[in-house]
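Chain letters run A, B, ... following the sequence lines, proteins first and then strands; every chain starts at 1. What you see is a predicted model, and the numbers here were worked out from it, not measured in a lab.
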There are 2 protein chains.
Amino acid sequence: MPTDHPPSRTPARIKDRPTWLISRTFARSSGLLAAGFESYGRGLRSYHYRLLAALDEWGPASQADLGRGTGIDRSDVTAVLSELESLRLVERSVDPDHRRRNIVTITPAGVEQLLELDNVIDGIQEQVLKPLTNAQRRQFIALMMKLLAAEDESSKG
Amino acid sequence: MPTDHPPSRTPARIKDRPTWLISRTFARSSGLLAAGFESYGRGLRSYHYRLLAALDEWGPASQADLGRGTGIDRSDVTAVLSELESLRLVERSVDPDHRRRNIVTITPAGVEQLLELDNVIDGIQEQVLKPLTNAQRRQFIALMMKLLAAEDESSKG
DNA sequence: TTTGTTATGTTGGCCACGCCAACATTGGCC
DNA sequence: GGCCAATGTTGGCGTGGCCAACATAACAAA
């Protein structure tokens, strides 16, 4: 559990810089997220959630496709899928048309787990944004989307 | 260097969530920052910068105070200071009034290094915010500050 | 058809950042 | 004098994000 120990003073040349604010914001967000995952037990972390979500949404897929789709490295996909498999949340089978490839499928238990995680994570969005009014939340989200739009474009190519 | 490999699709239940946007924003920011530090060579990273900035701004301090002030763990402070010391950017001396304590001082070379890093890092602020207009940048910064205000309060106690 | 070349899954490793525990040592307090 | 707190240090752990190397399988070019 990242306990998120913020600095007590923070040098002036640092404290107002966007990169610093972004980093603190992320620390707060990921701390809350980690606490959420942990309170949930099972040893699931964000990678697990991302993979379950991808499988639920895109249907059965190869590990390589999962990696590309979620931005998780192949090797990490392998490791996390093994954990998910041992929890019976996904299943791996060899693609008959391409025996080097695995077809990964989410199980009913996996879907159920995913839905529960959805709830936990939704609650955390609320916590993260709590200091902002609704209008400010919308603004904040819109600004981040704009900030990331270029990146999204370039990776779609 | 974090190469920041964004996902190519991103599941819908994830892609609009604030925690996800925050995490992507941070990935972008810290990727640019890391590239900046690395292009600069010398093996300096954000911890080094934070400590140099703290020393420059608050004057000579003990390691424990540096840790509390910057939010960096004592043990990490020790390690990073050793690197800074071997680069002759800081000096450690035993506090005569408290021989368990070190007094850490930034050297002239350290100040110089800090100023150069300042420039690099300022350039990165620009890059990070590039997609936003000036008004949007101000908004974005203000929103993050509000988001973090509660945390700052509680750690001042 | 044989010879590269590319894609896939796996293993094992590395780094940054953030933590924590344990320890010896020092100083302050009662 | 004896206890407690603070200090610096060592060593370790976890997460997220990477990369390299490898065997194997499929594919493309020759």
Side-chain angles (χ1 to χ4, degrees), chain A residues 1-7 19-20 22-24 26-38 43-51 61-68 70-83 85 92-104, chain B residues 1-7 19-20 22-24 26-38 43-51 61-68 70-83 85 92-104:
Chain A
M1 44 171 162
T3 328
D4 193 11
H5 287 165
T19 47
W20 175 253
I22 289 169
S23 146
R24 294 306 312 157
F26 172 72
R28 181 152 174 280
S29 166
S30 76
L32 291 170
L33 229 25
F37 278 116
E38 199 191 6
L44 300 179
R45 301 173 306 260
S46 76
Y47 274 9
H48 301 83
Y49 179 70
R50 280 158 71 182
L51 288 176
S62 74
Q63 300 185 190
D65 283 343
L66 284 173
R68 280 183 290 263
T70 60
I72 300 173
D73 189 89
R74 302 199 326 264
S75 61
D76 299 318
V77 170
T78 295
V80 171
L81 285 183
S82 296
E83 294 174 22
E85 197 176 25
R92 274 195 268 215
S93 62
V94 176
D95 184 341
D97 296 345
H98 193 315
R99 309 213 340 243
R100 194 85 194 82
R101 189 144 47 196
N102 285 340
I103 295 180
V104 185
Chain B
M1 44 172 163
T3 328
D4 194 11
H5 288 166
T19 47
W20 175 252
I22 290 169
S23 148
R24 294 306 312 157
F26 172 73
R28 180 151 175 279
S29 166
S30 74
L32 290 170
L33 229 27
F37 278 116
E38 198 191 6
L44 301 178
R45 300 172 307 259
S46 77
Y47 274 10
H48 302 82
Y49 178 72
R50 279 158 73 181
L51 288 176
S62 73
Q63 300 185 191
D65 283 343
L66 284 173
R68 280 183 289 264
T70 60
I72 300 174
D73 189 88
R74 296 192 342 256
S75 61
D76 298 320
V77 170
T78 294
V80 172
L81 285 183
S82 297
E83 294 175 21
E85 198 178 24
R92 273 194 268 214
S93 61
V94 177
D95 184 340
D97 297 346
H98 194 316
R99 308 213 338 243
R100 195 82 194 82
R101 188 147 44 199
N102 286 340
I103 295 181
V104 185

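Rounded to an integer number of Å, the gap from A/Glu83 CD to D/dG14 P is 12 Å. One atom, CG of B/Leu51, and another, C1' of C/dC17, lie 13 Å apart when rounded to the nearest Å. Following rounding to the nearest Å, A/Leu44 (CG) and D/dG16 (P) show an atom-to-atom distance of 11 Å. C/dC17 atom P lies 8 Å from atom CZ of B/Phe37, rounded to whole Å. At whole-Å resolution of the value, CG in A/Asp95 and C1' in D/dT24 are 15 Å apart. Taking atom CG on A/Asn102 and atom P on D/dA23, their separation rounds to 19 Å, with Å as the unit. The separation between A/Asp97 atom CG and D/dA25 atom C1' is 13 Å, rounded to whole Å. Rounding to whole angstrom units, CD of residue B/Glu38 and P of C/dA16 are separated by 9 Å.
Of the candidate nucleotides C/dA24, C/dA7, D/dC18, C/dA7 has the atom lying nearest to any side-chain atom of A/Arg100. Closest contact between the side chain of B/Asp76 and the listed nucleotides C/dC19, D/dG16, D/dG8 involves C/dC19. For B/Gln63, the listed nucleotide lying nearest its side chain is D/dT9; candidates were D/dT7, C/dT10, D/dT9. Which of D/dT7, D/dG8, D/dC18 sits closest to the side chain of A/Ser75 comes down to D/dC18.
Counting heavy atoms from C-beta on, the side chains of A/Arg28 and A/Pro6 never come closer than 4.5 Å.
Contact annotation: A/Ser46 side-chain N/O to D/dT15 OP1/OP2 distance is not under 4.0 Å. At C/dA16, none of the side-chain N or O atoms of B/Arg50 fall inside 4.0 Å of OP1 or OP2 (strictly under the cut-off). Between A/Arg101 and C/dT10, a side-chain N or O to OP1/OP2 separation shorter than 4.0 Å is absent. Considering only side-chain N and O atoms, A/Arg92 lies under 4.0 angstrom from the phosphate OP1 or OP2 of C/dT10.
B/Asp73 comes within contact range of at least one nucleobase, with a heavy-atom separation under 4.0 Å. At a threshold of 4.0 angstrom between heavy atoms, the contacts of B/Ser23 with the nucleic acid are absent. Here A/Arg74 lies in heavy-atom contact (under 4.0 Å) with a base.
Both B/His98 and A/His98 lie near DNA chain D, and the one whose nearest nucleotide falls closer to the 5' end is B/His98. Mapping B/Gly71 and A/Ser62 onto DNA chain C by nearest heavy atom places A/Ser62 at the nucleotide closer to the 5' end. Positionally, the nearest nucleotide of DNA chain C for A/Thr78 lies more toward the 5' end than for the other of B/Arg45 and A/Thr78. Nearest-nucleotide mapping onto DNA chain D: of B/Arg24 and B/Ile103, the residue sitting toward the 5' end is B/Ile103.
A donor-acceptor distance shorter than 3.5 angstrom exists from the side chain of A/Asp73 to the backbone of A/Ser75, with no hydrogens or angles considered. In this structure, the side chain of B/Arg101 does not engage the main chain of B/Asp95 through any donor-acceptor pair within 3.5 Å.
Nearest heavy-atom pair, A/Ile72 versus A/Arg50, reported as atom, atom and distance to 0.1 Å: CG1-NH2, 3.6 Å. Of all heavy-atom pairs between A/Gly67 and A/Val77, the closest is CA-CG2, 3.8 Å.
Within the model, atoms CZ of A/Arg74 and OG of A/Ser62 stand 11.0 Å from one another, a figure rounded to the nearest 0.5 Å.
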